[in-house]
Amino acid sequence: NSCYLGSDDIESDVNHRLAIFEEVLSTLRNDVFQEEPEVDLDPGVLKILMFPEFFLRGPNGAYSTSQLFDSENDEEDGVLIKLADKVRDMIFDDAFEDYLFVVGTVIAAE
């Protein structure tokens with residue numbers, strides 16, 4: 001009976017957290033088109049999106065470094081490298097040019 005709400009499968013866990021991040025970005029993108037947006041659209045205003053500390057943590061408190069950085073297939077990146085690439089791709093968007101993203105710490109251990 002643990003309070004951990006993620007998946008024991010590391011790749012599933014990371015992908016689920018990535019989906020949450022993607023949903024937040026989608027909400028922000030859609031806000032621009034609202035009659036009365038909640039986010040100040042002034043380009044002189046820095047928007048800061050900060051995820052909770054330890055948002056990226058595994059079922060044992062830390063992800064396994066071997067699962068995060070390495071892949072069973074030497075030709076493929078590990079889960080963390082894929083995650084970083086996906087996050088970069090998602091935030092590299094004109095809609096977020098006035099944003100500072102603080103994604104938090106990834107906890108990993110051997």
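Any value given below was found using the heavy atoms of this structure, including those in side chains, with hydrogens, waters and symmetry copies removed.
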Item to check | Close side-chain approach of Met90 and Leu18, heavy atoms under 4.5 Å | outcome: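 Yes, at least one pair of side-chain atoms sits under 4.5 Å.
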Next on the checklist: Quick check: do Val14 and Leu80 have side-chain heavy atoms less than 4.5 Å from each other?
Outcome noted: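 Sidechains of Leu80 and Val14: no contact.
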Checklist entry - Quick one: side-chain contact (heavy atoms from CB on, under 4.5 Å) partners of Glu11, sequence neighbours excluded? => result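 Glu11 satisfies side-chain contact (heavy atoms from CB on, under 4.5 Å) with Asp9, Asn15, Val79, Lys82 once adjacent residues are dropped.
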Checklist entry - Quick one: side-chain contact (heavy atoms from CB on, under 4.5 Å) partners of Ala62, sequence neighbours excluded? => result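 So Ala62 forms a side-chain contact (heavy atoms from CB on, under 4.5 Å) with Ile107, Ala109.
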Checklist entry - Could you give all pairs that pass the ring-ring contact (aromatic ring centres under 6.0 Å, His included) test and reach residues 29-52, with sequence neighbours left out? => result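 ring-ring contact (aromatic ring centres under 6.0 Å, His included) check on residues 29-52 returns Phe21-Phe51, Phe51-Phe55.
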Item to check | Between CD1 on residue Ile91 and CZ on residue Phe101, distance to nearest 0.5 Å | outcome: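 Spacing of CD1 (Ile91) from CZ (Phe101) equals 5.0 Å.
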Next on the checklist: Measuring from atom CG of Leu25 to atom CG of Leu49, what distance do you get when rounded to the nearest 0.5 angstrom?
Outcome noted: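 Going from the CG atom of Leu25 to the CG atom of Leu49 covers 6.5 Å.
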Next on the checklist: Keeping Ser26 on the side-chain end and Glu22 on the backbone end, is there a donor-acceptor pair under 3.5 Å?
Outcome noted: no
Checklist entry - Tell me, which pairs form a side-chain hydrogen bond (donor to acceptor under 3.5 Å, both in side chains) where one or both residues lie in residues 92-110, sequence neighbours left out? => result Arg29-Asp93, Glu53-Thr105
Checklist outcome for this item: Applied to residues 30-48, the side-chain hydrogen bond (donor to acceptor under 3.5 Å, both in side chains) test, sequence neighbours excluded, yields none
Next on the checklist: Taking transitive links into account, so neighbours of neighbours count too, which hydrophobic residues share a cluster with Leu46 at under 4.5 Å side-chain distance?
Outcome noted: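 Ile48, Met50, Leu100, Val102, all in the cluster of Leu46.
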Checklist entry - In terms of side-chain geometry, is the basic nitrogen of Asp85 or Arg88 positioned less than 4.0 Å from the acidic oxygen of its partner? => result yes
